[in-house]
Amino acid sequence: MDPTLTLIGALMLVISIVLSPLSSRVGMPVLLIFLVVGMMMGEDGPGGIEFDNFELAFLIANLALGVILLDGGMRTRVETFRVGLRPALVLATLGVGLTAGGAALVAWWVFDLHWLMALLVGAIISSTDAAAVFSLLQGRGLHLNERVSATLEIESGSNDPMAIFLTLLLVTLIGSYEEGALAKGLMMLVQQFGIGTVAGLLGGFAVVQLVNRIRLTPSLYPLLVAAAGIAVFSATNAIGGSGFLAIYLTGVVIGNRHVRMMPMILQVHDGLAWLAQLCLFLMLGLLVNPSDLVPLAGGGLILALALIFVIRPATVLLTLWPFAFNRRELGFISWVGLRGAVPIVLALFPIIADLPDAQLVFHAAFFIVLVSLLVQGTTMAPLARKLKLEVPAGEDPYRRLPLDVPAAGDHELMLFPLRGRNWESPRALGQLRLPDNTAVAGIFRDRKCLQPTRELEVASGDVVAMFATPALLPDLGKALSGRQAPKHLAERAFFGDFVLNGDALLGDVEQVYGIEFDELPPELSLAECFARRTKGHPVVGDKVVLGPVTLVARATDADRVTKVGMKMDS
C-alpha cells in the first residue's frame, strides 16, 4: 500500500475534524464542511486526487449509512412513536412519491430530459437524509418538542425504501424495459418494506439477547453491536429487503431494551457514526469536480429552490393535515427536508447501470445536496427558535458508567458537574431534592474525593457522583442543573408560575384562581383540554389558551398530560 495515500486520507480526516468547530461559530452544517474538504482535495482542488471508482464508493457509502442509521435508531425512543409514527410513515411513503413527482416536473423543464430520466432525478432526490437530520437535530443543541423531532427522525430513518424502490424501478425501465416491469417494481416495494421490517425487528431482538447473554471485555460490546448490525443490514439486502430500514429498526430495538453496557455502547457508536459521516462525505466530495457543477448550476438552483420552497411544503401540507400539527410545526417540518448523502448514493445507480445522462443526474443530485445543506442546514436552529418549537431540556450527566453487577439492576454511576448561578452559593447535600432510589456516591473537589454527608456543602466547580437508574435522569438533571437557560426557556417563563395536576377540573381552577372559562364545561379536566386540541397525542410544550390563561403541558405519561403549567396574561 502506498503510504502517501494513507497520509493524504489521514490528513483529510484531521483537516475536517479541526474545521468542524466552525460549524457552531458560523452556523454552517458540519457535513457541508466535510463535503467541501473532499471537493478541495479532489481533481479540481489543491489536493489533485483522482477518484472515480463508483463501485467502491457505493460499497463504502452503504456501510457508512448503515452505521449512521444504527446509531440514530439506538437514540430514538420508542415512546416517541405514539406521536410521530403515523405522520412519519405517511411522509416516508406518500410524501416521497409526491416529492419525486413534483421534482420530476421541474427537472424535465430545466434540464430538458426524457420524462423517465426526469422521474429518475425526482426519485433520487425525493428522500430526506437520516445522516443530515440526526447530525443537525442532535448536534446543534436543539431540544424540539416531541411531536416535531419524532416525526423528522422517524421519517428520515424510514423513507429510504420508497426512494430506493422508485430509483431501481426507473433504472430498470430506462435500461432494459420488459413486460411486467411495473408489477415487479410494486412487488419489490412490498418486499423491501416487509422483509426490512421483519428482519430489523428480529435482528434487534437477537442482538439484545446475544449482548445480554455473553460475557466480554467491556470495550468489545460496542464492536459486537456494530458488527451484528452490519450483519443484519447485509443479510437483509441479500434476501431482497431494505437493509437501511432493517438496521434502523435494529437500532431502535437495541436502544429501547435493557442492554448490558448500553452507555458505553452509545458513547463508542457516537464516535463510529461521526467517523462514518466523515468518510462518507469526504469520499462523495472526491467523486465530484466543482467544474462539472458549473454548467448545470442554473437549472440545479431552480430545482433545489423549488424543492425547498414549493415541493416539500406542499407535500407536508397535503400529507400531514389529518394529524395534530399546528402551523408553526408544519412550517418547520416543511423547511427541514434536508438532503444529504442518500441522494448522492442513489445517484450512483444510473452511473453503475451506464444509463444515458447518468453523469448529469449525479451532478444534479450533488448540487441539490449542497444547496440543501447550505440553505436549510444553516437556518434550521434559528428557525426553530423563531417558531418557538424548543422546550426546556434537563441537564445530562457528564459521564455515565454502567455497573454491570446483577445486584445493582439498572443503576449506573453518573457524574454531574455543578455549574451556573444555582451553585454560586454553597448548599448542603441534605437540602438537595434528589429523586428516590438514588444515592450520592461521592463529591470530587480539587482532585480529591470527599465523603458525602448531609452537612457537606457543594458549590460550583464540584462534581457530584450519583448512583441512579436511567429512568430518573430527567428528575436528577433538574435537581442538579445550574445551567442558565435562555430567557424564553427558563422554567417560569416557559411553563408559568403555577403547576397543576392534569386531573384538575376546569371548575376547580375557576374557583381557586377566580377565572371564568366560558367556552368549555367545568367538569372537563385539564388533561382532556389538551387531548381535544392535539387529537389525543399531547407532548410537553403544547399550549391551550383559555381566555386570560395559557395552559402549558409540563409533563406527560403516554398520551395523557399529568402536569400543567399555568400562565396568566399580564
Side-chain angles (χ1 to χ4, degrees), residues 77-90 143-151 154 316-317 319-333 384 387-394 433 435 471 474-475 478 485 488-570:
R77 302 270 62 83
V78 75
E79 294 84 11
T80 65
F81 279 42
R82 69 182 177 85
V83 293
L85 181 61
R86 288 187 297 167
L89 288 182
V90 174
H143 195 77
L144 302 175
N145 84 43
E146 190 180 26
R147 186 182 299 108
V148 173
S149 61
T151 300
I154 298 169
V316 169
L317 290 175
T319 54
L320 296 189
W321 66 266
F323 303 100
F325 292 95
N326 59 43
R327 286 179 296 177
R328 292 178 291 108
E329 293 168 342
L330 288 174
F332 187 74
I333 294 172
L387 293 176
K388 298 180 180 179
L389 294 176
E390 283 187 290
V391 294
R433 296 182 178 179
D475 294 333
K478 288 180 181 178
H488 67 284
L489 291 179
E491 285 278 322
R492 291 181 65 179
F494 191 88
F495 291 113
D497 294 317
F498 305 100
V499 181
L500 309 173
N501 285 324
D503 292 331
L505 302 180
L506 289 179
D508 296 336
V509 176
E510 286 178 329
Q511 290 183 2
V512 173
Y513 294 97
I515 307 166
E516 292 187 5
F517 303 124
D518 294 331
E519 63 264 41
L520 292 174
E523 64 273 11
L524 202 66
S525 71
L526 300 182
E528 289 168 335
C529 291
F530 284 96
R532 285 189 175 191
R533 295 292 173 91
T534 60
K535 297 186 179 179
H537 297 295
V539 298
V540 172
D542 278 340
K543 297 180 180 180
V544 174
V545 179
L546 299 175
V549 170
T550 300
L551 303 176
V552 186
R554 190 183 181 102
T556 62
D557 182 13
D559 280 330
R560 187 170 182 82
V561 175
T562 56
K563 295 290 182 183
V564 178
M566 188 169 73
K567 300 166 68 174
M568 308 286 289
D569 291 348
S570 55

Evaluation steps, side chain to side chain contact (heavy atoms under 4.5 Å, CB included), between F323 and V90:
CA-CA 11 Å; F323 303 100; V90 174; 4.0 Å; yes
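Expressed to the nearest 0.5 Å, how far OG1 of T151 lies from CZ of F81 amounts to 11.0 Å. Within the model, atoms CZ of F498 and CZ of R554 stand 12.5 Å from one another, a figure rounded to the nearest 0.5 Å. From S525, atom OG reaches atom CG of L500 across 12.0 Å, with rounding to the nearest 0.5 Å. From E390, atom CD reaches atom OG of S149 across 11.5 Å, with rounding to the nearest 0.5 Å. Between the CG atom of N501 and the CG atom of L526 there is a distance of 9.0 Å, given to the nearest 0.5 Å. Separating the OG1 atom in T534 from the CG atom in N326 is a distance of 11.0 Å, to the nearest 0.5 Å.
For P522, the side chain to side chain contact (heavy atoms under 4.5 Å, CB included) test picks out E510, with sequence neighbours left out. Partners of L387 by side chain to side chain contact (heavy atoms under 4.5 Å, CB included), not counting sequence neighbours, listed by chain and number: R328, F332, L383, L389. Residues passing the side-chain hydrogen bond (donor to acceptor under 3.5 Å, both in side chains) test with R532, sequence neighbours excluded: none. Shown here are the salt bridge (Lys or Arg N to Asp or Glu O under 4.0 Å) partners of R533, two or more places apart in sequence or in another chain: there are none. Residues passing the salt bridge (Lys or Arg N to Asp or Glu O under 4.0 Å) test with D503 are R560, sequence neighbours excluded.
For the pair R82/E146, a side-chain contact is recorded, criterion being any heavy-atom separation below 4.5 Å from C-beta on. You'll find the side chain of F530 reaches within 4.5 Å of the side chain of V564, heavy atoms only. In this structure, the side chains of L546 and L506 come closer than 4.5 Å at one or more pairs of heavy atoms. When side chains are defined from C-beta on, T556 does not count as touching V539, because their heavy atoms never get closer than 4.5 Å. You'll find the side chain of L330 reaches within 4.5 Å of the side chain of L320, heavy atoms only.
Across all non-hydrogen atoms, the minimal contact from P538 to V83 is O-CG1, 4.5 Å. The two atoms that bring V509 and A504 nearest to each other are CG2-CB, 4.5 Å, heavy atoms only. V544 and C529 make their closest contact through CG2-O, 4.2 Å (heavy atoms, listed as atom of the first residue, atom of the second, distance). A150 approaches G84 most closely through the heavy-atom pair CB-CA, 4.1 Å.
Within the structure, every pair that satisfies the side chain to side chain donor-acceptor pair (under 3.5 Å) test and touches residues 542-552, not counting sequence neighbours, is listed here: R147-D542.
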